[in-house]
Amino acid sequence: MAGCMARSRALQPIMLLITSSLLLLLCPASSNDAAADELALLSFRSSLLSDGGSLLASWNTSGNGQHCTWPGVVCGRRHPDRVVKLWLPSSDLSGTISPSLGNLSFLRKLDLSGNHLSGEIPPELGRLSRLRWMDLSDNSLQGSIPAAIGACTYLTGMDLTSNRLRGTIPLQIGAGMKNLAHLYLGENGLSGEIPASLAELPSIQLLSIRNNRLSDSNNLSGLIPDPIWNISSLTVFVVQYN
Ligand SMILES: *[C@@H]1O[C@H](CO)[C@@H](O)[C@H](O)[C@H]1NC(C)=O
Ligand SMILES: *[C@@H]1O[C@H](CO)[C@@H](O)[C@H](O)[C@H]1NC(C)=O
Ligand SMILES: *[C@@H]1O[C@H](CO)[C@@H](O)[C@H](O)[C@H]1NC(C)=O
Ligand SMILES: *[C@@H]1O[C@H](CO)[C@@H](O)[C@H](O)[C@H]1NC(C)=O
């Protein structure tokens, strides 16, 4: 790390032109960051009520980057002690999703689909600036979709199908997520109108908002915003049962 800092100083005039995120790529992650990843994972585990038996039994405080060997955890090639993938689909997990996941700053893929997770989607997930794919479908998540999620600008796919989400579709999804290609929000209890901002997603290919009728009084209503018909990238638009 010290050598890396020195190199940064020598290259200062050039570095000034380079964003801090590129600096992060050039400098190896410190062990502090690895420890923060481990802490975040342990905090995630402690907010679960059950982990479907003993799947997460080896998620314990062993230290020294052992967290990269834990089931469901994949670390990076260039940053071998940083978590890039948390992959625990259909693992019989129950409990809530800890806001600490927002501390896994190298995370690119998150799959917690097909579990029994409840509680709200933590807005802290919006801090995952490298996130490409997020699948929280088939759980019992409640509350509204946090507007902060719009800050995940590299997200290409988000699947929240089949939960108990309520409230409106946040405008921030259209305004922020410039790489979003697949968006699944169906089988929830979302309400209000379909925001025209969804038409601002320049890469959107598949948009499913079907069946947002958790209860009789709840559904997406109003008109389909005209600009949606003009999205040239859109190939699948699923909107029935609203
Ligand atoms: C997550 O990061 C925040 C701010 O950096 C810190 O205060 C908090 O303790 C961290 N939580 C966990 C569980 O790592
Ligand atoms: C911690 O995990 C290791 C495997 O990574 C396992 O061998 C050990 O028994 C676990 N310790 C506890 C206290 O569960
Ligand atoms: C859908 O929502 C609208 C507006 O809230 C409401 O008037 C309508 O009754 C709902 N329809 C169904 C079938 O739930
Ligand atoms: C859709 O595209 C057509 C042709 O380019 C244009 O005339 C029309 O104004 C557009 N409509 C909206 C709602 O953007």
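Remember, predicted model here, so these are calculated numbers, not experimental data. Indexing begins at 1, ligand by ligand and atom by atom, following the structure's order.
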Which protein N or O atoms sit under 3.5 Å from any N or O of ligand 3? Give atom names and distances.
| unit_1 | atom_1 | unit_2 | atom_2 | d |
| --- | --- | --- | --- | --- |
| ligand 3 | 2 (O) | N219 | OD1 | 3.1 |
| ligand 3 | 2 (O) | N219 | ND2 | 2.5 |
| ligand 3 | 11 (N) | N219 | ND2 | 2.8 |
| ligand 3 | 14 (O) | D216 | O | 2.4 |
| ligand 3 | 14 (O) | N219 | ND2 | 3.0 |

remark   = Going by chain and number, the hydrophobic cluster around Y241 (ILVMFWY, side chain to side chain under 4.5 Å) further includes none

Ring pair (Phe, Tyr, Trp, His ring centres under 6.0 Å) against Y184, all qualifying residues, sequence neighbours excluded = none

inquiry  = Out of the candidates N188, N211, D138, only one should pair with S162 under the side chain to side chain contact (heavy atoms under 4.5 Å, CB included) rule; please name it.
reply    = D138

remark   = Taking only non-hydrogen atoms of S100 and a 4.0 Å limit, the atoms of ligand 1 in range are 13 (C)

ask   = Is R164 atom CZ crowded by more than 12 heavy atoms from other residues, nucleotides or ligands, each under 6.0 Å away?
value = no

query = Which atoms of ligand 1 are found less than 4.0 Å from any heavy atom of N103?
reply = 1 (C), 2 (O), 3 (C), 8 (C), 10 (C), 11 (N), 12 (C), 14 (O)

query = What residues join L223 in its hydrophobic cluster, counting side-chain heavy atom gaps under 4.5 Å, either direct or through other members?
reply = none

ask   = Between W59 and W70, how do the two ring planes meet: parallel, tilted or perpendicular, split at 30° and 60°?
value = parallel

message = Closer than 4.0 Å to some heavy atom of S43 - which atoms of ligand 1 meet that?
response = 13 (C)

task = Supply the atom-to-atom distance K109 NZ to T156 OG1, rounded to the nearest 0.5 angstrom.
result = 8.0 Å

